[in-house]
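Structure first, commentary second.
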Amino acid sequence: QELLARDATPSERRIAVSSICLLNGGLFPETHRARTVQKLLIGPAGPLLVRLMNRRALKRNMHAIFGDRTPPRPDELDNFWALIEHNGGRLVMHRLLQYINDRILHRERWVGALQKAQHKTGLINGSADPVSGAHMVTRYRQLVGDTAIVELPAIGHYPQLESPDEVLKHVLRIFASMDDKDTA
């Protein structure tokens, strides 16, 4: 959304955005349902709590946001944990989660960028996501419109991991339909 906002402002434009396909995300702060652990981590105790994080807690939290029929595989959890631990990342996770507050702070700019986008825009959403699932799509339709939207009913927060072939199929279809509109 920030890239769209910059693209719409000539003095801030650094790259040209021609199209975008969004996946599950907290696009609107009013529909983002932060997990309890996220709320705790962005609070004053965050710097202490990150020291208590471990792979077991990650597994529990990831299982809660994946679809019931598409839980994270052990190797995926290992990869998530390796990324979190890389270069001391776990110890700054509370800072990384500040995007939650940034979404509130920059809501008008970022939501406005979606609403005013002159770019081809698509959305693929895992409806079973408790953080930004079907409820977020409802808000997206209210604020942005009924652009190319694909709802995956049994998929959670990470559609690209939970159903990669289906996501790829829809991404290719969405971009192909966008190209068709350009030539019409």
Side-chain angles (χ1 to χ4, degrees), residues 1-3 20-106 110 114 121-140 148-175:
Q1 285 172 278
E2 176 60 23
L3 290 175
I20 185 167
C21 188
L22 303 162
L23 296 173
N24 288 50
L27 302 176
F28 313 107
E30 64 270 22
T31 61
H32 182 254
R33 297 177 182 165
R35 306 294 299 166
T36 300
V37 67
Q38 291 176 307
K39 292 175 187 176
L40 292 171
L41 286 171
I42 62 172
L48 299 173
L49 292 175
V50 292
R51 298 180 183 287
L52 301 175
M53 287 180 61
N54 57 41
R55 190 184 179 287
R56 190 172 3 122
L58 173 72
K59 178 181 177 183
R60 183 176 56 252
N61 285 301
M62 295 302 274
H63 274 268
I65 61 174
F66 272 62
D68 290 340
R69 291 180 280 172
T70 55
R73 298 183 322 261
D75 65 310
E76 289 174 324
L77 291 170
D78 289 340
N79 290 336
F80 275 119
W81 187 248
L83 289 169
I84 289 169
E85 282 286 284
H86 179 74
N87 204 21
R90 177 174 51 94
L91 299 178
V92 296
M93 186 166 280
H94 61 292
R95 291 184 189 156
L96 298 176
L97 288 171
Q98 290 305 314
Y99 77 87
I100 295 170
N101 293 328
D102 289 343
R103 289 217 171 269
I104 295 166
L105 180 66
H106 301 291
W110 291 350
L114 274 177
T121 304
L123 171 67
I124 299 173
N125 187 270
S127 299
D129 176 9
V131 177
S132 56
H135 60 283
M136 191 278 293
V137 173
T138 298
R139 188 69 172 149
Y140 186 92
I149 298 172
V150 175
E151 294 184 81
L152 305 175
I155 302 300
H157 191 69
Y158 291 102
Q160 68 275 24
L161 296 177
E162 296 176 58
S163 188
D165 293 337
E166 191 172 8
V167 168
L168 176 59
K169 175 184 80 174
H170 289 298
V171 166
L172 294 174
R173 183 186 54 76
I174 287 169
F175 283 136

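All figures in this text were calculated on a predicted structure; none of them were measured in a lab.
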For a quick test of your reading: what N or O donor-acceptor pairs under 3.5 Å do the side chains of residues 67-75 make, sequence neighbours left out?
unit_1 : atom_1 : unit_2 : atom_2 : d
Thr70  : OG1    : Glu162 : OE1    : 2.5
Arg73  : NE     : Asp75  : OD1    : 2.9
Arg73  : NH1    : Glu76  : OE2    : 3.3
Arg73  : NH2    : Asp75  : OD2    : 3.1

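- Side-chain contact between Pro130 and Ile65: present, with at least one pair of heavy atoms (C-beta onward) separated by less than 4.5 Å.
- For the pair Pro159 and Asn24, the tightest heavy-atom approach, listed with the atom from each and the gap, is CG-OD1, 3.4 Å.
- In this structure, the separation between CG on Leu23 and CD1 on Ile124 is 5.5 Å, given to the nearest 0.5 Å.
- To the nearest 0.5 Å, atoms CD (Gln98) and CE (Met93) are separated by 13.0 Å.
- Shown here are the ring-ring contact (aromatic ring centres under 6.0 Å, His included) partners of Trp81, two or more places apart in sequence or in another chain: there are none.
- Under the rule for a salt bridge (charged side-chain N to carboxylate O under 4.0 Å, His left out), Arg173 has no partner lying at least two apart in sequence or in another chain.
- In this structure, the side-chain contact (heavy atoms from CB on, under 4.5 Å) partners of Asn54, at least two apart in sequence or on a different chain, are Arg56, Ala57.
- Residues Tyr140 and Asn125 fail the side-chain proximity criterion, which asks for heavy atoms closer than 4.5 Å.
- Applying the ring pair (Phe, Tyr, Trp, His ring centres under 6.0 Å) test to pairs two or more places apart or on separate chains, those with a residue in residues 28-79 are Phe66-Tyr158.
- Atoms OG1 and CZ, from Thr31 and Arg103 in turn, are 9.5 Å apart once rounded to the nearest 0.5 Å.
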**OP:** Evaluate side-chain contact (heavy atoms from CB on, under 4.5 Å) for Leu161 paired with Val167, printing each intermediate quantity in order.
**Re:** CA-CA 9 Å; Leu161 296 177; Val167 168; over 6 Å; no

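- Among all heavy-atom pairs drawn from Ser132 and Asp129, the shortest one is OG-OD2, 2.9 Å.
- For Glu2, the salt bridge (charged side-chain N to carboxylate O under 4.0 Å, His left out) criterion is met by Arg6, Arg109, not counting sequence neighbours.
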Tabulate below the donor-acceptor pairs under 3.5 Å that side-chain atoms of residues 36-51 make, not counting sequence neighbours, or state none.
unit_1 : atom_1 : unit_2 : atom_2 : d
Gln38  : OE1    : Arg35  : N      : 2.8
Gln38  : NE2    : Tyr99  : OH     : 3.2

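- The two atoms that bring Met136 and Leu27 nearest to each other are SD-CD1, 3.7 Å, heavy atoms only.
- Under the rule for a salt bridge (charged side-chain N to carboxylate O under 4.0 Å, His left out), the partners of Arg90 that lie at least two apart in sequence or sit in another chain are Glu85.
- Here CG of Leu91 is found 10.0 Å from CE of Met53. Values are rounded to the nearest 0.5 Å.
- One finds the CH2 atom of Trp110 at 11.0 Å from the CD1 atom of Ile104 (value rounded to the nearest 0.5 Å).
- Looking at residues two or more places apart in sequence or on another chain, you find a salt bridge (charged side-chain N to carboxylate O under 4.0 Å, His left out) between Asp78 and Arg55.
- In this structure Asn79 satisfies the side-chain hydrogen bond (donor to acceptor under 3.5 Å, both in side chains) test with no other residue, sequence neighbours excluded.
- In terms of heavy atoms, Cys21 sits closest to Ile174 at SG-CD1, 4.1 Å.
- Looking at every heavy atom in both residues, Ile100 comes nearest to Ala34 through CD1-CB, 4.3 Å.
- Residues passing the side-chain hydrogen bond (donor to acceptor under 3.5 Å, both in side chains) test with Ser163 are Glu166, sequence neighbours excluded.
- Identified under the ring pair (Phe, Tyr, Trp, His ring centres under 6.0 Å) test for residues 40-59, with sequence neighbours left out: none.
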